[in-house]
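Letters A, B, ... are given to chains in the order of the sequence lines, protein chains preceding strands, and every chain is numbered from 1.
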Number of protein chains: 2
Amino acid sequence: MTSALAEFVVGVDNVIFSVDTDANRLLVLLVQRQHWPFAGEWSLPGTLVRHGESLEAAAYRTLAEKICVNNLYLEQLYTFGGPGRDPREADTAYGTRYLSVSYFALVRFADAQLIATGESRVQWFTVHSCPPLAFDHSMILAYGHRRLCNKLEYSPVAFDVLPEYFTLNDLYQLYSTVLGPNFSDYSNFRSRLLKLGILQDTQQKVIRGAGRPATLYRFDREAFAPLKDKPLVFV
Amino acid sequence: MTSALAEFVVGVDNVIFSVDTDANRLLVLLVQRQHWPFAGEWSLPGTLVRHGESLEAAAYRTLAEKICVNNLYLEQLYTFGGPGRDPREADTAYGTRYLSVSYFALVRFADAQLIATGESRVQWFTVHSCPPLAFDHSMILAYGHRRLCNKLEYSPVAFDVLPEYFTLNDLYQLYSTVLGPNFSDYSNFRSRLLKLGILQDTQQKVIRGAGRPATLYRFDREAFAPLKDKPLVFV
DNA sequence: ACAAAAGTGTTAGAAGTACACCCATGT
DNA sequence: ACATGGGTGTACTTCTAACACTTTTGT
């Protein structure tokens, strides 16, 4: 004897982070809702999954609708599917459920062009000063933020959003803006990273304003491959 | 212009682990399917989500239908929702999708009673010698196994499946059956755990066969509370 | 007496932490 | 010359891994 199955509409919501290293700000992309429910409020960019479309494809599509970006990291975050998380459920007598599979993304700030479609507003907010969000999106954001910190510490996501050639300082800025002020000091970060042997020293130097020229490095994917799934620590 | 939304049936599949420390075996619970598709093949225990039921509730229900257990740890694992993962999709012209939210559980082996309902078979398999699974369940199992190892190393899940009073050897057996042979040696494991200060030394001793009596410890939840979300290492 | 299980100690090396200091460039 | 950012070195502590050893029980 089985009771009635729930009917579902499945959506994807993205927590899209970006790091503005110049201004030392960790940003998250929010959109302002145009329609009921929560019209006028800010929320994570999301979409409903289409016929024949994979979840990940839906996540990429949402992302591509809001920003134009070439370099990013994306992975599934968590699925929120309890009853009562979307007011639209109440519409239908037998309450179709709105399930949200959330994805977490990190994109390169420099080449992320926001797409302004008509009157819908899309905007970066610093994570620590963003408005209360529609639905349960504040919770999703918090969850995503925790994941971002972990990912940065234990896997090489940073290299997905850095330019191909970067200085150790670029890398350090990225880490310290995300991980906050009580992050490791530069000198130790430096030696730890170099000791890992996954950074290729291109002999090139780059001069940015005053100061000694900085060495340009690149991420050495081949050297990293054997270290994959090993408990690497980048902290 | 939006294309057709996918329609979904949402299911929950559980990767239920248990550790038989006596026989040094890591076990996973499988059920033998009775009906099409994959009739006769083994799969993870799962269910479809009912009206008004949360995902987690569905996961608990599935678990309770197969085994009777009081002590367990359960958390969401991953969501698999691509098109084509369930042959039943092909039935309906407009292909209702079968989405699976997977959960991962660790249960206490000693008090886990398998529930044999009629002819449906439920059985423990050692993780390293289990049959090929229906659907994409082999992938889900692999994913769950990885998560189990991580959880054990970084969070105190072990104490959810150990009895309230346990010896350090009980704990060590649990860890080494899950984490395999090249796990830390007993002496180092011991001092690391004790140094964390989260084990309460009840002055009681227990004698099991020959050998010096072992001290009974209990997990000190209050002492652990402040260490929560800190990067603890139990390895 | 001896095996078996529990528990302690030691040591060499690696890794982490907090600094002080030197180097190359622009102004 | 000196401020600025890049880069090196060091002294100290803590962690890790491997292993030898002592203690308390049953037989």
Side-chain angles (χ1 to χ4, degrees), chain A residues 21-24 149 152-154 158 162-163 165-177 179-218 227 230-235, chain B residues 21-24 152-154 162-163 165-177 179-218 227 230-235:
Chain A
T21 40
D22 291 337
N24 248 261
C149 295
L152 216 54
E153 295 187 33
Y154 301 120
L162 280 174
Y165 300 94
F166 53 86
T167 70
L168 276 172
N169 221 7
D170 293 339
L171 188 58
Y172 181 69
Q173 292 308 324
L174 179 64
Y175 269 84
S176 53
T177 47
L179 265 27
N182 44 2
F183 177 61
S184 159
D185 94 344
Y186 176 63
S187 139
N188 294 328
F189 175 79
R190 188 187 166 73
S191 38
R192 197 174 312 118
L193 258 291
L194 289 177
K195 200 167 34 181
L196 287 176
I198 57 176
L199 296 186
Q200 221 171 66
D201 181 341
T202 78
Q203 303 293 335
Q204 304 172 68
K205 306 283 175 186
V206 66
I207 298 176
R208 309 222 259 245
R212 178 174 173 173
T215 306
L216 284 175
Y217 290 87
R218 68 190 299 180
L227 304 175
K230 295 269 143 65
L232 258 197
V233 178
F234 290 83
V235 176
Chain B
T21 40
D22 292 338
N24 250 263
L152 217 55
E153 295 187 33
Y154 301 121
L162 280 173
Y165 299 95
F166 53 86
T167 70
L168 275 172
N169 220 7
D170 293 338
L171 187 58
Y172 181 69
Q173 291 309 325
L174 179 64
Y175 269 85
S176 53
T177 43
L179 265 27
N182 45 2
F183 177 61
S184 159
D185 93 345
Y186 176 64
S187 142
N188 294 327
F189 176 78
R190 187 187 167 73
S191 38
R192 196 175 312 117
L193 258 289
L194 290 177
K195 200 166 34 178
L196 287 176
I198 57 176
L199 296 185
Q200 221 172 66
D201 180 341
T202 78
Q203 302 294 335
Q204 304 172 66
K205 307 282 177 189
V206 66
I207 298 175
R208 310 222 258 247
R212 178 174 173 174
T215 306
L216 285 175
Y217 290 87
R218 68 191 297 182
L227 303 175
K230 295 271 144 62
L232 259 195
V233 178
F234 290 83
V235 175

How long is the line joining CZ of B:Arg190 and P of C:dA5, in whole Å?
16 Å
Show your working on side-chain contact (heavy atoms from CB on, under 4.5 Å) between A:Leu199 and A:Leu193 and close with a plain yes or no.
CA-CA 8 Å; A:Leu199 296 186; A:Leu193 258 291; 4.2 Å; yes
Protein-nucleotide distance (B:Leu216, atom CG; C:dA6, atom C1'), rounded to Å:
12 Å
Measure the distance from CD on B:Gln173 to C1' on C:dA4 and round it to the nearest whole Å.
14 Å
Any ring pair (Phe, Tyr, Trp, His ring centres under 6.0 Å) involving residues 197-216 of chain B? Give me the pairs, sequence neighbours left out, ordered by first then second residue.
none
Classify A:Arg208 by what it touches in the nucleic acid, base, sugar-phosphate, or nothing, heavy-atom distance under 4.0 Å.
nothing
Round to the nearest Å and state the distance from A:Leu168 atom CG to D:dT8 atom P.
9 Å
Could you work out, with salt bridge (charged side-chain N to carboxylate O under 4.0 Å, His left out) as the rule, every residue matching A:Arg218, not counting sequence neighbours?
A:Glu164
Not counting sequence neighbours, which residues clear ring-ring contact (aromatic ring centres under 6.0 Å, His included) with B:Tyr165? List them please.
none
Any salt bridge (charged side-chain N to carboxylate O under 4.0 Å, His left out) pairs touching residues 194-204 of chain A, not counting sequence neighbours?
none
Going by the rule salt bridge (charged side-chain N to carboxylate O under 4.0 Å, His left out), which residues pair with B:Arg212 if we only count those two or more places apart in sequence or in a different chain?
none
In whole angstrom, what separates B:Phe183's CZ from D:dA18's P?
13 Å
Return the set of residues passing ring-ring contact (aromatic ring centres under 6.0 Å, His included) with A:Tyr172 (not counting sequence neighbours), or none when no residue passes.
A:Phe183, A:Tyr186, A:Phe189
Can you tell which of D:dA18, C:dG7, D:dT8 lies closest to the side chain of B:Asp185?
D:dA18
Is there any protein nitrogen or oxygen under 3.5 Å from a nitrogen or oxygen in nucleotides 9-15 of chain C, and what are the pairs?
| from | atom 1 | to | atom 2 | distance (Å) |
| --- | --- | --- | --- | --- |
| C:dG9 | O6 | B:Ser187 | OG | 2.5 |

From CZ of A:Phe189 over to C1' of D:dG6, roughly how many Å is that when rounded to an integer?
14 Å
Using side chain to side chain donor-acceptor pair (under 3.5 Å) as the criterion, list what pairs up with A:Gln204, not counting sequence neighbours.
none
Take A:Arg208 and A:Asn169 through the side-chain contact (heavy atoms from CB on, under 4.5 Å) test and state the conclusion after the steps.
CA-CA 11 Å; A:Arg208 309 222 259 245; A:Asn169 221 7; 5.9 Å; no
Answer yes or no: does a side-chain N or O of B:Tyr186 lie under 4.0 Å from OP1 or OP2 of C:dA6?
no
Would you mind reading off the distance between A:Asn169 atom CG and D:dT4 atom P, rounded to a whole angstrom?
15 Å
Nearest whole Å is fine: how far is C:dG7 P from B:Leu193 CG?
13 Å
Show me the protein contacts with nucleotides 24-27 of chain C, counting only N or O atoms at under 3.5 Å.
| from | atom 1 | to | atom 2 | distance (Å) |
| --- | --- | --- | --- | --- |
| C:dA24 | N3 | A:Arg212 | N | 3.4 |
| C:dT25 | O2 | A:Gly211 | N | 3.2 |

